[in-house]
Each structure stands twice: as C-alpha cells, then as structure tokens.
Amino acid sequence: MSTLIAIRLRNAVVLLVLATMLCFALVVSAPGNVAVLIAELRTPKASFEQIRLVEEELGLNQPLVLRYASWLNGALHGNLGVSYKTGDAIGPALASRLPITLTLVVGGAAFAMLLSFALGFLGALWPGRLGDAVSRVIALLGASMPSFFVGALLIYGLAVELGLFPTFGTAGLSSWVLPWMTIGLLPAAVLSRVVRVGLEEAMARPFALTASAKGLSRRAILFRHALPNIAPTYINALGAQGGAMVVGAVVVEPLFALKGVADLFLQGVLFRDFMVVQACLLVFLTSFILLNLMVDIGMMFTDPKLRRQGANA
Amino acid sequence: MRRLRDLFQALAQLPRLAFLAVGLFVLLGVLAPWLAPYDPNAQDLLATHADPSWQHWLGTDHLGRDTLSRLIVSARTSLVGMSLVLLIALSVGITIGTVAGYRRGWVEEVLMRIVDVGLAMPSLIVALAVIGIFGTGYWNMILALALAWWPGSARISRAVAVGVMNRPHIESLRVLGASPGRIYFHHLLPSTIGAVLVYATADAGAVALSIATLSFLGLGIQPPTPEWGQMLVDALPYLESAPWQVILPGLVLTLVVIGFNLLGESIALNRVPTPLPRRILLKRRAMAADWRKAAP
C-alpha cells in the first residue's frame, strides 16, 4: 500500500509542476507587452528607456527558463507578485480571503453530503415509491439548474419573501445558510445518484442475499452491509465535485457579496489583471491536485481491493 | 397521494420531455427572428416592469423591453454559441482522439497525458482564466469554452477509435492493402464521428449552462445581444419588485438543460430514445421473441 501511495505522490508532484508551468505560460502568452502596460501606468507616454527600465526591474528581459524559476521560487515563498490594478501584493490578499472561500466550500460540501445521503436513502429504502421519484426529480433539477438561478430563487424565497436569512454578509451562521445551499445543491444532486445507484448495486450482490437469508431486515442490510460498499465510489465522486464547487464559488461569491478567493479571481478576470488571475489559478489548481491526492489515498483506505493490489505491486 | 406519485414518476422517467424541450429549443433558436413579436432591444421607458398583458405576454423588463421576445432571441444566442463551441471542441477532440486511437504507442501516450491534464481542471475555471488573459468578447468566450471542452471529446473519440480499429473489417482492409490514409479517412473517421456526436448531446447542456454562467458574470455574451444569464443578472437588482423577470430566464434555461441532461442520461444508459410508436415497438418485440424461439 505504501508503494501505491508513493506512486500517487509522484504523480501529484508531476501534475503540480505541469500546473505551475501552465500558470506561467498563460501569462507569458498574454497579448500585448506587460512592460509597456506598467510603464504607461506609471508615466503616461513612457519613453523607450522607461520601458526598458521596467523590463529590467521585473526581469522581463531574461530568458523564459530563468523567469519561470524565479517566479516559482517566489510563489513557493508566498510571493505571488503585485496586482497591476491596485499595486497591492497578491500573497497577503489571498491569505486574508482564503478563510471565506474555505468556509463556503467546506460548509457547502457538508450540506451536499447531508442532502445526498438523505435523498439517496430516500430512494434506496423505498425503491419505486413516491420518495424515490421525488429524490430523482430533485437530483435532476439540482444538476440542471444554473447555480446563479438557484441562488436568486433562494434569495427571493427565503430572504426576501420569508425574511429568514440575510441576503449577504458573513455575520453569523444564518448568513452562511443561503450560500451553502446554493453551492451545495449541484454536488448534492450528483452525489445522491451515486448513493442511490451504489446502494442498489450493493443490494443486488450475493452478500445482500445471504444477509437477508439470515433474517436481517432490508434496512439493516442497507446500513450495515451495503453502505460501506459505496464508500470508495462516493469519495471519488466527492473529489470530482470539489472542482465543481470552486466553479460554484465563482458564481456564489459575487451573488452573496462574499469577498473570497473566487471573487478576487473574478475581479482579476474582469480587469485582465494577469498576476491576480495567475495567482488564483495556481491556488485553484494546487488545491485540485491535493484534493485528488487525498481522494486517491482515501479510496485506498476504504477499498480493500485497492489495498491488496498495493501489496502485490 | 397516488396521483402525486404517478405525476412524479412520469416526470422522472420521461425521455419524451427531453425531446420536447430540446426540439423546442432548437426550433426557437432557428426561427427566433420570425417568432419574436417585438424587437428584443426596443426600449419603452414608459412601460417598464409591465405585468403580463395581451401586448406583452410575459411583461417587460426594467427598460421596457418585451421579455418574451428577449427570451426567444436568447434561445438563438445560446444555440449558436453552443453549436460553435461544440463544433470547435469536437473537431479538435476527434482529430486528437482518432490519431491517438490509430497510432497507438508513444503518440497515444503523449496525446492522452495532455488530455488527462486538460480533464483534471474544471472547464469553467480554465475558460475564465483564458478570458482573463485574452479579454472578453464573443470569440474569446467561444474559444475559451472550446479549449476547456476538447479534452472530454478527445478521450471519448480515442475510446471509440480503439474500438473501431479492433474490428475485423479494418484488419481485412489492411490485408487487402488499403493505405493508412484510406483506412483513416474512409473508415475510422466516419464511424468515430457518428458515435462521438451522440455523446455530444450530453455535453450540450453543460455548454449552454457555461455560456449562461459566463454571461451572468459579465464575461460572455455582451449587451445588446440578449442572453438568458445576462437577462437574469440585469433583473437581479429588481428582484423584490419584479421577481418574474429573474425567474423566467432561469426557468427557460433550466428546461433546456434538463432536456439535454435527460437525453444524455438515456444515451449513457444505452437507451437511445427512439421515437417509435408503441405499436411498432410491440411488433418488434414479438419478432425478437420469435427469433429466440427459433434458436436451438
């Protein structure tokens, strides 16, 4: 098993290096001359000499490999450059915004897991009944509704009409409920199908028949024997939904006026602030890769078949 | 209770609904200029936020523009954008996928690793980053989304192409001395394209959703071209006084995406919905039963 983990670690490192190269290449391939842009910002109608000075200052006249190395070195030390628009250092800005995005994504994931198990079991406990149909329809709606529409509906229904929650802000738990629901609905929809289908498949296997011959009730088989079987699939799907949730954060943060990393990313995209886009992309890609690594290792712990493969390898 | 259950079950397993939604969407998109009762950008500042009436069936928005017309013309925006994205992404994906499937070995290794990296990243994040570097604009949006979507079609194309290459007729062609070009262009490519196009329906909904999301964020379709996501964000400040102007575009978009998702789901389950009448289906079933009996 340790060899398998080592392989996964190696793959993750390779992917990380590729991701940093991608982030770097994206900014290098940007149209227009960055040095000219910055020189123009400092002094309108910058002379050729002034542009050269900026080039020298930012190291833009050096070979690409050296520029990549110095950029990577800076990134590793938390120095992600300076925003073209505001002139602020990006590293501290990211650090101060990260807790908001983490709260949003982790809370949303918790909501998604709760809802997905509820919906999945609703279908699995009474297959073919009203609950099953309701769970399918909710899953279909959740997977098809754009998150900005979900958010707008929740704001209108629960905040404007019923006045249950505030429409924006980060004060207290109640202000987080709507963002969590908005960001969690899509993953919940996808995961509920994973639970439902996974349980059905497990119930069709011989061990379920044996358990039922021993006299266990359907409910007991579902919870005690079928449930552990869906763990690897579920963890895998949960990891895949992590990516979807970052996309969700890009929509949810501006909708609820949350000042998180996704909001910073969006501002960078809107104002073509390359350094901000690059830094946020690096943060996103790194977190995806780490998440996938965690999912792979988590699957190994929950799936005995993978563990045995590792022993033979 | 029972009627409620029946209703939900009917809703849950209706591929016909999918056909209806997708068909209506395509029809609206193609015929939009002739169907829209008003110019979608004609403002009437004396009749803003009008309630539904015989003149404006679905009311008007904050600038007095006819909502129904804007919804219909948005279908065209969405349909054209979606088709362009899929066309570009599928062309690139199918080319890469079939080349990898045809030339196994290191070519396949390299191409598929690139595809893996592309697949590892959520498509909308990639599209957003590309727009952030190259700027907003219609073609930048189309290209950014295509760039995000080609790896998926490349992976499917490769899987299909490998399957085609393993079929006996390709081997026979080789034995008969057919040139690689002939095998690739006359046999491999046509059979791959057909299969991959079917899978593309499942992606179409996600592409439509992405276009709407980008437009919602102000990075996709730019005004004055009407688009559902943009209509929704325009109406959002007036959510309390005119909620329907927010709900309608979202609802229409959701219906379209549900249509594509249901269609894609039934395709994934290999239950390609056939618009055959029940009578013919029953006849076919009877025929198949006869074959089973006739077999030893």
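Quick caveat: nothing in here was measured; it's all calculated off a predicted structure. Within every chain, numbering begins at 1; the chains are lettered A, B, ... in the order of the sequence lines, protein sequences first and strands thereafter.
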Contacting region of I258(B) [heavy-atom separation from chain A under 4.5 Å]: both
Interface residue of largest heavy-atom contact number with chain A, from V256(B), I125(B), L255(B), under 4.5 Å: I125(B)
Pairs of heavy atoms under 4.5 Å with chain A: top-ranked of T213(B), V126(B), T136(B): T213(B)
Minimum side-chain heavy-atom gap L217(B)-P254(A) below 4.5 Å: yes
Within this structure, what is the [atom1]-[atom2] distance for the pair [X] and [Y], rounded to the nearest 0.5 Å?
X: N261(B); Y: L140(A); atom1: CG; atom2: CG; answer: 6.5 Å
X: W228(B); Y: F148(A); atom1: CH2; atom2: CZ; answer: 10.5 Å
X: I133(B); Y: Q278(A); atom1: CD1; atom2: CD; answer: 7.5 Å
X: L281(A); Y: L128(B); atom1: CG; atom2: CG; answer: 10.0 Å

Pair I155(A)-L239(B), side chain to side chain contact (heavy atoms under 4.5 Å, CB included): steps then yes or no: CA-CA 9 Å; I155(A) 291 177; L239(B) 182 63; 3.7 Å; yes
Counting only heavy atoms closer than 4.5 Å, note whether [X] contacts chain B via side chain, backbone, both or neither.
X: F271(A); result: neither
X: L26(A); result: both
X: V277(A); result: side chain
X: L270(A); result: both

V251(A)/F216(B) under side chain to side chain contact (heavy atoms under 4.5 Å, CB included): CA gap, chis, key distance, verdict: CA-CA 8 Å; V251(A) 174; F216(B) 172 84; 4.0 Å; yes
Most chain B-contacting option - heavy-atom pairs closer than 4.5 Å, from L153(A), L18(A), L266(A): L266(A)
Evaluation steps, side chain to side chain contact (heavy atoms under 4.5 Å, CB included), between T254(B) and F149(A): CA-CA 9 Å; T254(B) 306; F149(A) 184 43; 3.4 Å; yes
If you look at every heavy atom in [X] and [Y], which pair is closest and at what distance?
X: L236(B); Y: A152(A); result: CD1-CB, 3.9 Å
X: G132(B); Y: F274(A); result: O-CE2, 3.8 Å
X: A129(B); Y: F265(A); result: N-CZ, 3.9 Å

Identified side chain to side chain contact (heavy atoms under 4.5 Å, CB included) counterpart of S144(A) within the set L262(B), V257(B), L253(B): V257(B)
Test side chain to side chain contact (heavy atoms under 4.5 Å, CB included) applied to D116(B) and L15(A), step by step: CA-CA 10 Å; D116(B) 279 346; L15(A) 265 179; over 6 Å; no
